[in-house]
Amino acid sequence: MDYHLIACSGARHYTILNTSQAGELPQIQQGYLDQNTSLIALSIGGNDMAFADIFTKCVLAVTQKCQDASIDARDPDIGEKTGGSTPALKDWAPTWAHDTVRPRLVKTLLALHKQAPYAKIVLMGYPRLLENAGQCVPGIGTEEGPWLNDMADTVAKEMKGAVDDANTQSQANGVFADPRDVFAGRAICGDPETIHGIVLTGRSKADSSAPTPSMKSFHPKVSGTVHYAKAFEAALTQ
């Protein structure tokens, strides 16, 4: 087996395709994909979806529910702030997921298929992050937690749709790995909790500096990676 890991924290679809990050070439240009590649696994879409900005707004919003608030608008192809703001998140996020993120995921999957035409492409989804309405997370209200989980379902629908679109357009041999069921009951505020909530200590050398929360926040613990592995294994049988 010839295996390469070129994952990069904070990646968006364009850092796979054409934009360098952290001094590295775009992932698709690093020379690991060709006609001999048999499997590609990737998790992309959460950063394009602005999950970090949305969760930050939900934690810090004081005078209103975060789904009624807005975040800074960003150019979807370079990630830079445009100087404007989004509409209310409850209106903006579903539209952004369908009209902006989904077609860019399709573009990414088709580009991977072109580079590695015989590879199975597994697009890994995201779990619902919160159990018990997220009440163990400071700042998350009883109406905000369920809305955030509803958004996870919306994004999962659009990610699966992107795989279906790529397969229809170019027989991309893609499958969607959905981890929501294997994480059920064990996300943030769950028992056992297999996803980090807000992490302020135990930072690694390359981590964010205080008082900004650690980059571990809202990412799986070691035990959570087992759930991802189960979802990935199930997807391979599709």
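The shortest non-hydrogen separation linking R74 to K81 is NH2-CE, 3.4 Å. Among all heavy-atom pairs drawn from P213 and S208, the shortest one is O-CB, 3.6 Å. For the pair Y14 and G79, the tightest heavy-atom approach, listed with the atom from each and the gap, is OH-CA, 3.1 Å. The minimum heavy-atom distance between A187 and R128, with the atom names listed, is CB-O, 3.2 Å. Closest approach of L129 and I195 over heavy atoms only: CD2-CD1, 4.0 Å. The shortest heavy-atom contact between A116 and T37 is CB-CB, 3.8 Å.
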Starting from the C-alpha separation in whole Å, work towards a yes-or-no answer on side chain to side chain contact (heavy atoms under 4.5 Å, CB included) for C8 and T15. CA-CA 9 Å; C8 190; T15 52; over 6 Å; no
For the pair H4 and Q30, evaluate side chain to side chain contact (heavy atoms under 4.5 Å, CB included) and give the outcome as yes or no after the intermediate values. CA-CA 11 Å; H4 300 280; Q30 292 184 23; over 6 Å; no
Might you work through the side chain to side chain contact (heavy atoms under 4.5 Å, CB included) test for E143 and Q67, ending with a clear yes or no? CA-CA 9 Å; E143 294 182 62; Q67 57 264 48; 4.2 Å; yes
Take Y228 and T194 through the test side chain to side chain contact (heavy atoms under 4.5 Å, CB included) and record every step on the way to the result. CA-CA 11 Å; Y228 273 117; T194 59; over 6 Å; no
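Y126 and V199 fall into different hydrophobic clusters, where Ile, Leu, Val, Met, Phe, Trp and Tyr side chains are chained together by heavy-atom contacts under 4.5 Å. Hydrophobic cluster membership differs between L17 and L110, with clusters built from Ile, Leu, Val, Met, Phe, Trp and Tyr side chains linked at under 4.5 angstrom. Residue F232 is grouped with residue V175 when hydrophobic side chains (ILVMFWY) are merged at heavy-atom distances under 4.5 angstrom, including chains of intermediate members. Two different hydrophobic clusters hold L39 and Y118 under the rule that ILVMFWY side chains link at heavy-atom gaps under 4.5 Å. Cluster annotation: F176 is not connected to V106 through the hydrophobic network of ILVMFWY side chains, with a link wherever side-chain heavy atoms come within less than 4.5 Å.
Between P192 and K221 there is no side-chain heavy-atom pair separated by less than 4.5 Å. Looking only at side-chain heavy atoms (C-beta outward), W96 and T86 stay at 4.5 Å or farther from each other. Looking at heavy atoms from C-beta onward, D77 lies in side-chain contact with H13 at the 4.5 angstrom threshold. The closest side-chain heavy-atom distance from D72 to D53 is not below 4.5 Å. A heavy-atom distance below 4.5 Å is not found between the side chains of E158 and V101. Using a 4.5 Å heavy-atom cutoff, the side chains of K230 and P179 are not in contact. Inter-residue side-chain proximity for L89 and K57 is flagged as met; some heavy-atom pair is nearer than 4.5 Å. Side-chain contact between C66 and I54 is absent, with no heavy-atom pair separated by less than 4.5 Å.
With hydrogens and angles disregarded, no donor-acceptor distance shorter than 3.5 Å links the side chain of E233 to the backbone of A229. The main-chain N or O of S217 is found under 3.5 Å from a side-chain atom of H219 such that the two form a donor-acceptor pair. Counting only distance, with no hydrogens or angles, the side chain of N47 and the backbone of A11 share a donor-acceptor pair below 3.5 Å. Looking only at distances, a side-chain donor or acceptor of N167 sits under 3.5 Å from a matching main-chain atom of G174. Side chain of N18 to main chain of P26: no donor-acceptor pair is present (N/O by atom type, distance under 3.5 Å, no hydrogens or angles). Not one N or O on the side chain of E131 forms a donor-acceptor pair closer than 3.5 Å with the backbone of D191.
At most 12 heavy atoms of other shown residues, nucleotides or ligands fall within 6.0 angstrom of atom CG in D181. Heavy atoms from other residues, nucleotides or ligands lying under 6.0 Å from NZ of K120 number more than 12. At most 12 non-hydrogen atoms from other residues, nucleotides or ligands lie less than 6.0 angstrom from NZ of K107.
Interatomic distance, CD1 of I40 versus CG of L112, reported as 5.0 Å (0.5 Å rounding). Rounded to the nearest 0.5 angstrom, L109 CG and L42 CG are separated by 6.5 Å. Residue E24 holds its CD atom at 12.5 Å from CD of Q29, rounded to the nearest 0.5 Å. In this structure, the separation between OG on S214 and NE2 on H196 is 7.5 Å, given to the nearest 0.5 Å. One finds the NZ atom of K65 at 8.5 Å from the CD atom of E144 (value rounded to the nearest 0.5 Å). Here I28 contributes atom CD1 and Q115 contributes atom CD; the two are 4.5 Å apart, rounded to the nearest 0.5 Å.
Ion pairing of D164 with K160 is present here, as a side-chain N (NZ or NE/NH1/NH2) and a carboxylate O approach within less than 4.0 Å. The pair R104-D48 fails the salt-bridge criterion, with no side-chain N (NZ, NE, NH1 or NH2) lying under 4.0 Å from an Asp/Glu carboxylate O.
The ring of F55 has its center closer than 6.0 angstrom to the ring center of F218.
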